[in-house]
Amino acid sequence: MNSFSDIPILDDLDAVKKTPASGGGGPQVYLETYGCQMNVSDSEIVASILKENDFGLTHDLNGADVVLINTCAIRENAEQKVRRRLQEIRAHKRKYRPDLKIGVLGCMAERLRTQFLEEEKLVDLVVGPDAYRDLPNLLKTTFSTGQAAVNVQLSREETYADIAPVRYNSNGVSAFVSIMRGCDNMCSFCVVPFTRGRERSRPTRSILDECKQLIDSGYKEVTVLGQNVNSYSVGENGSAVNFAELLHRISLLSDSLRIRYSTSHPKDCSDELLHVHRERPNVCNYIHLPVQHGNTGVLKRMRRTYSRDEYLSLVKRVRNIVPGISLSTDIIAGFCGETEDEHADTLSLMREIRYDHAFMFMYSERPNTYAARKYNDDVSEEMKKRRLNEIITLQNEISLENNRNEIGRVHTTLVEGPSRRSDEQFSGRSDTNKMVVFDRESFSIGDYVDVRVTSCTSATLRGKAVNKSRNGFRTVSESAGINEHALPVVN
Ligand code: SAH
Ligand code: SF4
Ligand code: F3S
């Protein structure tokens with residue numbers, strides 16, 4: 001995973017996060033996380049539950065008594081990666097640690113529990129995303145009986161609201177806060193509603209309390225997480241708190257806390273939400289708005305509930321209410337029945353919208369989904385690859401052109417850490433979620449720094465610090481002739 005603030009939540013499926021040592025004198029647990037930001041956030045909950053129950057956390061596989069792999073099922077290659085990793089750990093167990101316990105958590109658990117336990121005899125423990133409270137008991141059972149332990153029950157209520165996540169891989173600057181779980185949308189290609197169950201929202205009070213604690217511990221940015229955050233809804237004193245209201249309340253907690261969210265479904269992008277972006281300078285000037293496809297017929301087959309034109313008018317509305325907002329998206333190439341003309345519609349939509357960034361995937365059939373049951377996965381692998389490459393090439397061109405337009409502008413950047421290439425440089429994210437790299441001078445991690453962009457690639461802005469910003473939220477452009485309320489990144 002590149003960075004905690006990477007958006008969207010479901011991008012870095014190859015991510016592996018490893019647990020550093022901490023806490024607990026009991027059995028030592030090594031935890032590896034694959035998949036999206038939700039899974040990273042879940043692993044922080046798992047770490048908390050384990051610590052409370054006197055398990056230790058270790059980053060040393062060799063010293064571990066238990067290995068837990070938090071898994072992802074979104075595409076076939078994500079699953080294959082986990083399987084390969086399990087084979088490796090299994091080999092390690094056979095050779096060096098016959099008493100090692102291996103557990104599978106997360107999105108592959110429910111679907112593959114029989115296979116893991118019986119056919120492949122690969123693991124000792126299978127625990128689904130709603131059953132982590134049971135993990136200490138299940139571990140104790142498998143330790144004491146030597147039998148495999150399983151709980152893949154999905155819940156309609158579980159939000160882990162009362163559990164304080166252990167932020168074991170944190171940079172101390174940005175954190176994830178889960179606000180809902182599950183998904184009811186049933187897009188025809190997607191396995192998530194099956195792996196994570198029904199949608200449910202976490203009580204507002206517990207979200208606000210967690211954000212307050214983060215602020216008190218010095219955090220500067222939260223990314224609130226859910227599969228479809230803008231359908232957040234909980235009852236409070238007889239009325240409902242929706243996502244716009246929640247975001248507004250979080251934004252009032254502290255001027256120096258920046259807020260992002262991921263992921264939002266286009267169908268739920270309300271004017272009220274857009275006005276929160278416009279009016280609250282610490283709500284980031286960025287929305288990830290997955291389109292998936294540019295053709296109405298394909299969108300219908302995907303069950304996305306909007307047409308191309310509806311999506312285009314949504315983008316217009318977003319840009320009208322929040323001028324200068326940065327947009328990114330997710331795109332799937334080669335969905336069932338996709339013709340060359342339909343594919344061309346995706347390219348033309350991209351040209352029309354000019355996203356700053358996109359996460360682009362080849363369609364991968366997932367068992368039990370509507371698409372798997374009703375449609376033929378009939379676009380050849382070769383054609384999927386070619387179409388995906390066209391999409392990626394176009395997006396790279398657009399990202400580069402968009403970034404070139406940033407040269408000369410000043411972006412308030414939250415420093416996350418040293419840049420990958422050089423310790424002499426810092427990197428961080430602009431309010432618009434672009435990676436910004438600049439000389440570190442005397443700045444510190446967690447500072448908001450105004451950086452004037454001097455050059456760029458399609459993925460990164462490079463620049464020179466012009467000054468340390470009070471809290472990172474400026475409203476007026478001096479440099480690029482832009483004078484828009486909604487460009488809080490420029491001064
Ligand atoms: N809940 C989020 C994202 C879910 S999964 C949303 O609806 O926006 C993240 C991305 O993975 C999706 O947006 C989609 O582009 C991609 N994806 C999901 N299922 C897929 C599949 N079967 N094949 C290829 N890509 C898929
Ligand atoms: Fe999957 Fe659609 Fe739900 Fe996103 S909104 S998690 S793509 S079913
Ligand atoms: Fe996330 Fe993968 Fe599950 S993308 S929700 S970990 S299937």
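In listed order, ligands and their atoms are each counted from 1. These numbers come from a predicted model, not from an experiment.
When all heavy atoms of Arg200 and Ser155 are compared, the pair lying nearest together is CZ-O, 3.1 Å. Heavy atoms only, all atoms of each residue included: Cys72 and Val82 are closest at N-CG2, 4.4 Å. Across Asn285 and Gly324, no two heavy atoms sit closer than the pair ND2-O, 3.7 Å.
Side-chain atoms of Glu272 and His248 include no donor-acceptor pair closer than 3.5 Å. With no hydrogens or angles considered, a side-chain donor-acceptor pair links Tyr219 and Ser170 at under 3.5 Å. A side-chain donor-acceptor contact under 3.5 Å links Thr204 and Tyr232. The closest side-chain donor-acceptor pair between Ser43 and Asn70 falls under 3.5 angstrom. In the model, Gln395 has a side-chain atom that pairs as donor or acceptor with a side-chain atom of Ser399 under 3.5 Å.
Annotation for Gln153: atom CD does not count as buried by contact number, only 12 or fewer foreign heavy atoms lying within 6.0 Å. For Glu52, the CD atom counts as loosely surrounded, since its 6.0 Å shell holds 12 or fewer non-hydrogen atoms of other residues, nucleotides or ligands.
Here is the list of ligand 2 atoms found below 4.0 Å of a heavy atom in Cys183: 3 (Fe), 5 (S), 6 (S), 8 (S). For ligand 2 and Val192, the ligand atoms under 4.0 Å from any heavy atom of the residue are 6 (S). Atoms of ligand 2 lying under 4.0 Å from at least one heavy atom of Cys190, given by number and element, are 1 (Fe), 6 (S), 7 (S), 8 (S). Every atom of ligand 2 is numbered from 1 in the order shown, and the set under 4.0 Å from a heavy atom of Pro193 is 8 (S). In summary, the atoms of ligand 1 found under 4.0 Å from a heavy atom of Tyr363, numbered by their order in the structure, are 22 (N), 23 (N), 24 (C). Remark: ligand 3 atoms within the under-4.0 Å shell around heavy atoms of Arg196 are 3 (Fe), 5 (S). If you number the atoms of ligand 3 from 1 as listed, the ones under 4.0 Å from a heavy atom of Cys36 come out as 1 (Fe), 4 (S), 5 (S), 6 (S). The ligand atoms of ligand 3 that sit less than 4.0 angstrom from a heavy atom of Cys107 are 3 (Fe), 5 (S), 6 (S), 7 (S). The ligand atoms of ligand 3 that sit less than 4.0 angstrom from a heavy atom of Gln227 are 5 (S). Taking every non-hydrogen atom of Gln227 and a distance limit under 4.0 Å, the qualifying atoms of ligand 1 come out as 1 (N), 2 (C), 4 (C), 6 (C). Less than 4.0 angstrom separates some heavy atom of Asn39 from each of these atoms of ligand 3: 6 (S). Close approach to Met186 involves these atoms of ligand 2, each under 4.0 Å from a residue heavy atom: 8 (S). For ligand 1, the atoms closer than 4.0 angstrom to any heavy atom of Phe361 are 10 (C), 11 (O), 15 (O), 16 (C), 25 (N).
Below 3.5 Å of separation, one finds no N or O of Thr263 facing any N or O of ligand 1. No N or O atom of Cys190 sits closer than 3.5 Å to an N or O atom of ligand 1.
In this structure, Met38 has no heavy atom closer than 4.0 Å to ligand 3. In this structure, Ile332 has a heavy atom closer than 4.0 Å to ligand 1. Remark: distances from the non-hydrogen atoms of Gly106 to ligand 3 are all 4.0 Å or more. At a 4.0 Å cut-off, not a single heavy atom of Val192 sits close enough to ligand 1 to count as contact. Residue contact annotation: Arg304 has a non-hydrogen atom under 4.0 Å from ligand 1. For Met108, the closest heavy-atom approach to ligand 3 does not fall below 4.0 Å. In this structure, His265 does not count as a contact residue of ligand 1, since none of its heavy atoms falls inside 4.0 Å of the ligand.
Residue Cys72 does not count as close to atom 3 (Fe) of ligand 3, with no N, O or S atom under 2.8 Å. Look at Cys187 and atom 3 (Fe) of ligand 2: no N/O/S atom of the residue is under 2.8 Å from the metal.
Using a 4.0 Å cut-off between heavy atoms, Pro290 makes no contact with ligand 2 at all. The proximity of Arg304 to ligand 2, defined as any non-hydrogen pair under 4.0 Å, is limited to the side chain. Counting heavy atoms under 4.0 Å from ligand 1, residue Met362 touches it through the backbone alone. For Ser364, heavy-atom contacts with ligand 1 shorter than 4.0 Å involve the backbone as well as the side chain.
Considering each of Pro290, Ala358, Ala73, Ser188, the one bringing a non-hydrogen atom nearest atom 8 (O) of ligand 1 is Pro290. When Asp330, Val191, Asp377, Leu388 are ranked by how near their heavy atoms come to atom 12 (C) of ligand 1, first place goes to Asp330.
Close placement of the Tyr261 and Phe243 rings is indicated, their centers lying within 6.0 Å of each other. Taking the six-membered ring wherever Trp is involved, the centroid distance between the rings of Phe359 and His288 falls below 6.0 Å.
If you take CG on Asp330 and CD on Gln292, they are separated by 5.5 Å, rounding to the nearest 0.5 Å.
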For the pair Thr393 and Glu397, evaluate side chain to side chain donor-acceptor pair (under 3.5 Å) and give the outcome as yes or no after the intermediate values.
-> CA-CA 6 Å; Thr393 305; Glu397 279 166 30; over 6 Å; no
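Evaluation of the side-chain contact (heavy atoms from CB on, under 4.5 Å) rule for Met383 yields Glu340, Val379, Ser380, Arg386, Arg387 as partners, not counting sequence neighbours. Partners of Ser427 by side-chain contact (heavy atoms from CB on, under 4.5 Å), not counting sequence neighbours, listed by chain and number: Ser419, Met435, Val437.
Although no hydrogens or angles enter the test, the distance criterion places no donor-acceptor pair under 3.5 Å between the side chain of Asn151 and the main chain of Val126.
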